[in-house]
Amino acid sequence: MSRRALGSFRENALIYDVIVVGSGFSAIAVTCNLIEQLPASAKVAVVGDDPGFGRGTAYRTELYLHRLNVPAGRMSLLPHQPDDFVDWLKRHGRLMQAGDFASRSDYGLYVRDTLARLLRKRDGRCRVDFIKAKAAGCVERYSSTLAFHLGNGDEIAGRNVVLCLGVGNASLPVDPDGVPPSLRSRIIENPWRLSWLRRVASSDAVCILGSGLTMIDQVLALRAHGHSGRIDVLSRRGLAPLGHARELPAPLPIDVEALPDTISEILKSLRGKSRTVADWRGVMDGLRPATQALWQRLSSKERSRFLRHALPWWNIHRHRVAPDVFDKFEKLVSDGIVRFHAGFLKSLGAQEGRLLASYRVRATPQIAGINADWLVNCTGMERAGISHSPLLKEMSRFQLIVPDPLGLGIQVNAASEVTAPSEISPARLFAVGALTAGQFWEITAVPDIRVQAKAVAEEIVSRG
């Protein structure tokens with residue numbers, strides 16, 4: 001079937017210069033840059049069904065202890081205005097310095113305000129339409145546009161399309177078939193729907209699956225809601241994120257080209273460098289600006305080895321938590337309130353009216369169990385891919401996009417432009433954020449996405 005046979009399209013549909021598909025941070029970062037760069041004659045559509053454009057799950061939380069894990073001085077939405085977020089904090093009475101860690105709620109408000117400020121500029125600004133709907137399907141309308149069927153029944157077409165679809169909460173590692181219906185409501189598959197916290201009694205035992213940043217957020221949310229019971233944390237390796245230093249160490253400059261070509265030798269080299277500095281964080285922070293270049297040097301085989309063997313250790317050293325948040329969490333661990341278990345979840349069931357998580361203890365054949373009143377899925381976000389999105393699956397089926405071979409989003413080039421096998425090109429198609437992890441790896445944090453968003457906007461503008 002040719003791409004022109006994807007479906008029918010109404011001839012009178014509105015045609016935009018740019019369609020941004022998505023409503024999370026990546027979409028808003030792209031939109032802000034387009035507003036700054038496109039001429040007044042241009043038309044932009046932002047299509048998404050999230051009511052809080054730009055804030056997303058991470059930045060809607062209202063709990064102050066849910067902090068950014070990047071200092072405020074590196075969180076400006078606009079890379080050419082590096083102090084923008086810190087200045088916003090000061091204007092809103094948050095007396096924070098560039099090295100402090102702001103709340104995620106404040107950052108969500110800042111993103112909203114930045115977009116609103118740009119939209120208030122009437123003179124010389126391009127037209128921006130926010131369409132609250134899901135892009136449900138696509139069709140090539142002419143040779144230079146890609147059209148989308150929207151969930152509200154409308155249809156639009158664009159000469160340039162930017163895919164900013166994020167990833168959802170990962171599903172439970174095992175099927176809860178063994179859990180009786182009476183206990184199903186005590187399995188929290190999406191912990192960011194925080195209404196579940198109001199149902200937890202202070203003395204209830206809680207089992208959390210996963211030991212990353214989401215786990216720490218949920219532990220602190222539980223304590224803030226008056227919970228005082230036991231919290232058991234189960235993950236494959238029993239590792240938890242480390243904390244930022246109170247005094248940020250100077251980054252150690254690292255020459256990526258001088259590093260070895262294999263993951264094992266790279267790790268050996270980095271461990272050696274960490275012994276030459278006062279704080280190992282200086283090595284990680286020195287590697288930070290060169291991570292994308294290092295990833296692109298790795299062969300497919302070495303990338304796969306990294307994902308299989310090194311990723312958990314990378315995550316706990318790379319994605320650290322604010323110092324005061326880390327101290328609060330460590331106190332809960334040292335007091336025995338939070339207990340870690342390393343193993344592979346085998347099944348979910350029930351025992352004596354409570355949930356039972358059975359797991360194989362790491363590096364042993366022993367099967368152990370955790371009894372709890374609640375089980376919370378904090379295994380993190382899905383690895384970027386196409387399986388969570390009907391739109392992406394359709395685009396893949398008709399070769400408009402190609403999945404990354406390691407399951408890290410879709411294939412794009414160095415300019416974030418989608419690469420597809422067909423020689424027929426409809427609209428110019430880009431992707432921003434997690435969908436481009438196969439090309440860039442480090443592309444889920446604000447400092448990376450904002451640079452990518454600006455570059456994509458510049459590329460669109462440069463070709464008219």
Side-chain angles (χ1 to χ4, degrees), residues 25-26 29-30 33 69-71 73-76 78-80 82 162 164 248-274 276-277 279-320 383-384 402-419 430-459 462:
F25 175 80
S26 297
V30 170
N33 279 281
N69 63 339
V70 175
R74 292 174 51 209
M75 290 293 288
S76 168
L78 305 169
H80 53 288
V162 188
C164 298
L248 296 178
L252 179 71
I254 293 177
D255 182 2
V256 169
E257 295 300 322
L259 290 173
D261 295 325
T262 66
I263 287 297
S264 56
E265 290 300 314
I266 290 171
L267 292 176
K268 181 179 178 181
S269 174
L270 294 177
R271 289 189 193 103
K273 293 179 185 299
S274 69
T276 69
V277 295
D279 191 320
W280 57 267
R281 295 169 182 83
V283 176
M284 292 300 297
D285 293 346
L287 185 63
R288 178 77 181 83
T291 303
Q292 291 185 0
L294 176 58
W295 176 259
Q296 289 164 356
R297 281 188 57 219
L298 295 176
S299 66
S300 179
K301 178 181 177 182
E302 290 303 313
R303 291 181 184 183
S304 181
R305 288 188 66 206
F306 170 80
L307 295 175
R308 288 197 312 271
H309 303 298
L311 181 57
W313 281 271
W314 169 266
N315 283 339
I316 66 170
H317 289 86
R318 165 70 185 86
H319 302 291
R320 306 190 293 273
R383 186 171 289 177
V402 178
D404 176 77
L406 294 177
L408 299 174
I410 60 179
Q411 292 186 16
V412 299
N413 61 22
S416 301
E417 190 164 7
V418 171
T419 57
F430 297 85
V432 169
L435 280 178
T436 64
Q439 171 70 248
F440 301 110
W441 177 242
E442 284 279 288
I443 200 64
T444 57
V446 167
D448 304 297
I449 293 174
R450 66 181 183 179
V451 172
Q452 184 187 31
K454 185 173 187 290
V456 166
E458 290 172 346
E459 182 68 15
S462 70

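- One finds the CG atom of L298 at 10.5 Å from the CZ atom of R305 (value rounded to the nearest 0.5 Å).
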request  = Show your working on side chain to side chain contact (heavy atoms under 4.5 Å, CB included) between R297 and E302 and close with a plain yes or no.
outcome  = CA-CA 10 Å; R297 281 188 57 219; E302 290 303 313; over 6 Å; no
request  = Test side chain to side chain contact (heavy atoms under 4.5 Å, CB included) on W441 and L307 and set out the steps.
outcome  = CA-CA 11 Å; W441 177 242; L307 295 175; 3.7 Å; yes
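- Of all heavy-atom pairs spanning I254 and G286, the tightest one is CD1-C, 4.1 Å.
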query = Are W280 and L270 close enough, and set up right, to give a side chain to side chain contact (heavy atoms under 4.5 Å, CB included), and what steps lead you there?
reply = CA-CA 9 Å; W280 57 267; L270 294 177; over 6 Å; no
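- Going from atom CD1 of I263 over to atom NE2 of H309 covers 10.5 Å, rounded to the nearest 0.5 Å.
- Counting heavy atoms from C-beta on, the side chains of V70 and V446 never come closer than 4.5 Å.
- The shortest distance between side-chain heavy atoms of L311 and F306 falls below 4.5 Å.
- The minimum heavy-atom distance between I443 and G433, with the atom names listed, is CG2-O, 3.2 Å.
- At least one side-chain heavy atom of C164 sits under 4.5 Å from a side-chain heavy atom of V30.
- Shortest non-hydrogen contact noted between I410 and A431 is CD1-CB, 4.0 Å.
- How far OG1 of T436 is from CD of Q411: 12.5 Å, rounded to the nearest 0.5 Å.
- P260 approaches S269 most closely through the heavy-atom pair CD-CB, 4.3 Å.
- In plain terms, the two heavy atoms of P71 and L248 that are nearest each other are CG-CD1, 3.9 Å.
- For the pair S304 (side chain) and K301 (backbone), a donor-acceptor distance under 3.5 Å is absent.
- Between R281 and P251, the closest side-chain pair of non-hydrogen atoms is not below 4.5 Å.
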task = Quick one: do S299 and R303 satisfy side chain to side chain donor-acceptor pair (under 3.5 Å)? Show the steps, please.
result = CA-CA 6 Å; S299 66; R303 291 181 184 183; over 6 Å; no
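- Two residues are said to be in side-chain contact when any heavy atoms from C-beta on lie closer than 4.5 Å; V277 and V283 meet this criterion.
- The closest side-chain heavy-atom distance from I449 to V432 is below 4.5 Å.
- Between L259 and D255 there is no side-chain heavy-atom pair separated by less than 4.5 Å.
- Considering every non-hydrogen atom in both V402 and T419, the closest pair reads CG2-O, 3.9 Å.
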message = Evaluate Q296 against Q439 for side chain to side chain donor-acceptor pair (under 3.5 Å), listing each step before the verdict.
response = CA-CA 7 Å; Q296 289 164 356; Q439 171 70 248; 3.2 Å; yes
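- Evaluation of the salt bridge (charged side-chain N to carboxylate O under 4.0 Å, His left out) test over residues 283-296, restricted to residues two or more places apart or in two chains, returns D285-R320, R288-E442, R288-D448.
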inquiry  = If you apply the rule side chain to side chain donor-acceptor pair (under 3.5 Å), what do you find for Q452 with S416, and how did you get there?
reply    = CA-CA 8 Å; Q452 184 187 31; S416 301; 3.0 Å; yes
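- Within the 4.5 Å cutoff, the side chain of L78 has no heavy atoms near those of the R450 side chain.
- How far CG of L408 is from CZ of F440: 13.0 Å, rounded to the nearest 0.5 Å.
- We find the CG-CG distance between L287 and L252 to be 10.0 Å, quoted to the nearest 0.5 Å.
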